Amino acid sequence: MNIFDLYLEKIIKIVTLASKAKEIEIPENLNGIKVDVPPVQFDCDISTNVAMVLSKANKKAPSVLAEQIIELIKKDDKEIENISVANPGFINIKFKNSFWSNFLKNIITNNKSFGINKKSIKKKYLLEFVSANPTGPLHVGHCRGAILGDVLSNLLSFNNHTVTKEYYVNDDGNQILHFSKSVYLRIREILKKEPFPKDNPDLYPGDYLINIAKNIIKNNKNSKFDNFEEVSNNLTKQSVEESLKLIKFNLKNLGIIHDNFISEEEIVKKKEVEKVIKKLKKNNFVYEGKLNAPKNEKSTDWKERNQLLFKSTDFGDDKDRPLQKADKSWTYFASDVAYHNNKLERNYDVLINILGADHAGYIKRITSVVEALSGNKNKLICKVSQLVKLIKDGKPFKMSKRKGDYITVEDLINEVGKDATRFIMLNRSSDVELDFDFTKVKEKSKDNPLYYVQYCYARICSVFRHVNININDKVNIKNFDFKYKLEEIKILRKISQWPQCIEISTSKLEPHRIPTYLYELASEFHSFWNMGRDNEEFRFINKDKNLSEEKLVLLLSISKVIKSGMNIIGVNTPEKM
RNA sequence: GCGCCUGUAGCUCAAUUGGAUAGAGCGCUUGGCUACGGACCAGGAGGUUCUGGGUUCAACUCCUAGCAGGCGCGCCA
């Protein structure tokens, strides 16, 4: 039940009817009309700008027109206690108690669907996220995008869309070869006591490779590991598998489970790259040509050559993008083009990619390809998550792949925990860089907004324990005819805004609004709770049984919204803390 | 040089996709625990929303020109 949508429909209906009766003029497009949350100082529940939008067409001052519309609304609606005009022409509405009683009754009986956006058309989404190279466990840098993707998936599913979560495994190309070579050298180190070359920047120095090497030795007792070329194929495959094991373990610890893992190598092997290039060629999006040297400092040794290019400049990219390397093997981009064609062939309505900030420069070319292949500019949405700045002991902490000293997801979960990690990573818009202060999150965990929200839920559970009601049971309420105090109405207003929070988070793919909302709701609750300290009237458990029931319904609705929101962001709501 | 992101209170950030007197946390400061859980609450101080111009009933939000910071800019993935 979205009361803002409800009243928007109502108001549009009222002005449309009035225009038919020649009482007021309306323009063709009524999109500007909105029903919104009024500022707190007005003590009203909803507010509309309808008079301001229609004032031009009626050649009347907004405040004058507003008075006229107020009369129309009053005639139509019996649930309004007070309706008034505020400068420069807003119409503010305050509901009767009965409205809120009905509202609560509605959300308690339909608590599972409260917040779902019922207007939106159900779609099939493909969400690609993480897709980190399978060369080792995940580190903190991967975390933010991983959590963002997972929560977007939850959010879309919550709104009854179909979502497939996919991980693209880059198990082909030079990096994988270097990785496999590193594993080989670790194996030699173990079997033949040959020291691992520490100074080769192409190799992967991390200690986790030793474990991977050990596992592979265990599984290949007959192999001698005498010649890299001989074992390379098999070894690469097994090394990637070992890496994926680590990655899946990390993801599971974060509470993330993908539906599909798609292998780049498989796509290349199946000649899907050739297939898609043929398709693009037919439509003149691929040609043989030369590229200019890139305009950065390290482009001194640039050699111009003829090569296969995708015409991404047709779609607004800076330059056309190469599909083939000098040795005629495919570029990363080429196989990614094939992968995206593969996605398109699986008939999804919308494709979403979650990328780290360091890959943002890649967006234009890949959206261009999807547009070229599908003819639809909005088929692929790329969402960027900005960097996480790690801070330890008040100082920025730089991770270095060369030294192998980076913080893994495992370290993070062990130190901070899944819930705190998810809540903090989500608490900010993905467009801004995030400060992740280790020492703070660990030491001062009481200042963590996660606990503030969880504490709200735990307190509610504690009340229910006192009256011997299981909070998860279906609660039978006989009487819904309650009289609410202003402080309680403030909580009800906040609850009524939950569907809006979901709607905006979903349409903009911005889940950070959810933790923000939950914090605000929890704040309303804690504030009310503390009023019961001085004044028994405000306590939830009361000698007057009817009064207690009224409060318990209110509490229950808060707990339902908190739980629902925490479910979406994938964080627990313990009943005791 | 070009592209993307950011610029809001001392610090870290919100702001319902253009609304009314721009809000929180931390920090500073004054107060509140014999309680339905103090992991909490109430109050105070703190603002030229980076700058200039434009669009309109209305701009933190949109357009434009700048300034500052971050990220990226082979045939690496």
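Naming convention: chains lettered A, B, ... in sequence-line order (proteins, then strands); numbering from 1 in each chain. In this text, all values refer to a predicted model and were calculated from it rather than measured experimentally.
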Practice task
Please determine, for the side chain of Q307(A), which listed nucleotide (C75(B), A77(B), C13(B)) has the closest atom?
Solution key: C75(B)
Problem - C1'-based separation of U8(B) from U49(B) [nearest Å] - result: 4 Å
Exercise for the section: Name every residue in residues 420-430 of chain A that has at least one heavy atom under 4.0 Å from any atom of RNA chain B, in order of residue number, or write none if there are no such residues. Expected result: R428(A), S429(A)
Exercise for the section: In whole angstrom, give me the gap between the P atoms of G23(B) and U56(B). Expected result: 28 Å
Which atom pairs, one a donor and one an acceptor, fall under 3.5 Å between side chains of residues 82-94 of chain A and the rest of the protein, sequence neighbours left out?
unit_1, atom_1, unit_2, atom_2, d
K94(A), NZ, D43(A), OD1, 3.2
K94(A), NZ, D43(A), OD2, 3.1

Exercise for the section: Check whether any side-chain nitrogen or oxygen of Y517(A) sits under 4.0 Å from OP1 or OP2 of G23(B), and answer yes or no. Expected result: no
Handout entry: Pairs meeting criterion salt bridge (charged side-chain N to carboxylate O under 4.0 Å, His left out) with involvement of residues 453-470 of chain A, two or more places apart
Key = none
Exercise for the section: Could you give the distance separating U21(B) and U64(B) at their P atoms, to the nearest angstrom? Expected result: 28 Å
Problem - Nearest-nucleotide 5' precedence on RNA chain B, M531(A) against V384(A) - result: V384(A)
Practice task
Give a yes or no on this: more than 12 heavy atoms of other residues, nucleotides or ligands lie within 6.0 Å of atom NZ of K485(A).
Solution key: yes
Handout entry: Ion pair E510(A)/R513(A), N-O distance below 4.0 Å
Key = yes
Exercise for the section: Taking atom C1' in both A58(B) and G19(B), compute the distance separating them and give it to the nearest angstrom. Expected result: 6 Å
Exercise for the section: Ignoring the backbone of N133(A), work out which of A20(B), G37(B), A77(B) is nearest its side chain. Expected result: A77(B)
Handout entry: From A77(B), C36(B), A39(B), nucleotide with atom closest to F540(A) side chain
Key = C36(B)
Practice task
Report yes if a donor N or O on one partner sits less than 3.5 Å from an acceptor N or O on the other, where the partners are the side chain of R305(A) and the base of C75(B); otherwise report no.
Solution key: yes
Handout entry: Any-strand Watson-Crick or G-U partner of C4(B), both distances under 3.5 Å
Key = G70(B)
Handout entry: Rounded interatomic separation in angstrom, taking CD from Q497(A) and P from U17(B)
Key = 12 Å
Exercise for the section: From the options A20(B), U17(B), A15(B), select the nucleotide whose nearest atom is closest to the side chain of D36(A). Expected result: U17(B)
Practice task
Using the P atom as the reference point in each nucleotide, state the distance between C50(B) and C57(B) in Å, no decimals.
Solution key: 25 Å
Completion exercise
Closest to the side chain of D318(A), out of C2(B), A14(B), A77(B), is C2(B)
Problem - Nearest-nucleotide pick for K56(A), side chain only, options being C40(B), C57(B), U16(B) - result: C57(B)
Problem - Whole-angstrom distance between G74(B) and U17(B), as gauged at atom P - result: 40 Å
Show me the donor-acceptor pairs, under 3.5 Å and distance only, between side chains in residues 306-317 of chain A and residues at least two apart or in other chains.
unit_1, atom_1, unit_2, atom_2, d
Q307(A), OE1, R305(A), NH2, 3.0
K311(A), NZ, N284(A), O, 3.4
S312(A), OG, D317(A), OD2, 3.1
S312(A), OG, K319(A), O, 2.9
T313(A), OG1, D320(A), OD1, 2.6
D317(A), OD1, R321(A), NH2, 3.0
D317(A), OD2, R321(A), NE, 2.9
D317(A), OD2, R321(A), NH2, 3.4

Problem - Residues E488(A), K551(A): salt bridge by 4.0 Å N-O rule - result: yes
Problem - Under-4.0 Å side-chain N/O to phosphate OP1/OP2 contact, Y455(A) with A39(B) - result: yes
Are there any protein N/O atoms within less than 3.5 Å of an N/O atom in nucleotides 69-71 of chain B, and if so, which ones and at what distance?
unit_1, atom_1, unit_2, atom_2, d
G70(B), O2', E433(A), OE2, 2.4
C71(B), O2', A357(A), O, 3.2

Exercise for the section: Choose from C36(B), A20(B), C41(B) the nucleotide whose nearest atom is closest to any side-chain atom of S462(A). Expected result: C36(B)
Problem - G18(B) versus A22(B) - spacing of their C1' atoms, nearest Å - result: 14 Å
Practice task
From the options C13(B), C75(B), C36(B), select the nucleotide whose nearest atom is closest to the side chain of I541(A).
Solution key: C36(B)
Handout entry: Pairwise P distance for C60(B) and U48(B), with rounding to whole Å
Key = 14 Å
Handout entry: Under-4.0 Å side-chain N/O to phosphate OP1/OP2 contact, H526(A) with G37(B)
Key = no
Exercise for the section: Figure out the CD1/C1' separation between I491(A) and C41(B), and round it to whole Å. Expected result: 13 Å
Problem - Minimal non-hydrogen separation, T236(A) against S180(A), with atom names - result: OG1-OG, 3.0 Å
Exercise for the section: Output yes when at least one side-chain N/O atom of K325(A) is less than 4.0 Å from OP1 or OP2 of A77(B), else no. Expected result: yes
Completion exercise
Under a 3.5 Å limit on both distances, the Watson-Crick or wobble mate of A42(B) is U30(B)
Practice task
Under the salt bridge (Lys or Arg N to Asp or Glu O under 4.0 Å) rule, collect the residues that match up with E503(A), sequence neighbours excluded.
Solution key: K119(A)
Problem - Counter-base of A65(B), judged by Watson-Crick or G-U geometry with both distances under 3.5 Å - result: U51(B)
Completion exercise
The nucleotide from G19(B), A14(B), G32(B) with an atom nearest the side chain of V432(A) is A14(B)
Practice task
Would you please confirm or rule out a distance under 4.0 Å between OP1 or OP2 of A20(B) and any side-chain N or O of S47(A)?
Solution key: no
Fill in the blank from the handout: Here the gap from S496(A) atom OG to F4(A) atom CZ, rounded to the nearest 0.5 Å, amounts to 4.0 Å
Exercise for the section: Using a strict 4.0 Å threshold on nitrogen-to-oxygen distance, state whether K343(A) and E166(A) make a salt bridge. Expected result: no
Exercise for the section: Report yes if a side-chain nitrogen or oxygen of R459(A) is closer than 4.0 Å to either non-bridging phosphate oxygen (OP1 or OP2) of G38(B); otherwise report no. Expected result: yes
Handout entry: Sidechain N-carboxylate O distance under 4.0 Å for K494(A), E524(A)
Key = no
Exercise for the section: Under a 3.5 Å limit for both distances, which nucleotide forms a Watson-Crick or G-U wobble pair with C13(B), could you say? Expected result: G23(B)
Practice task
From the options U16(B), A77(B), C5(B), select the nucleotide whose nearest atom is closest to the side chain of D431(A).
Solution key: C5(B)
Handout entry: Atom-to-atom span, CG of N49(A) to C1' of U16(B) - whole angstrom
Key = 13 Å
Problem - Short side-chain N/O contact from W529(A) to OP1 or OP2 of G38(B), under 4.0 Å - result: yes
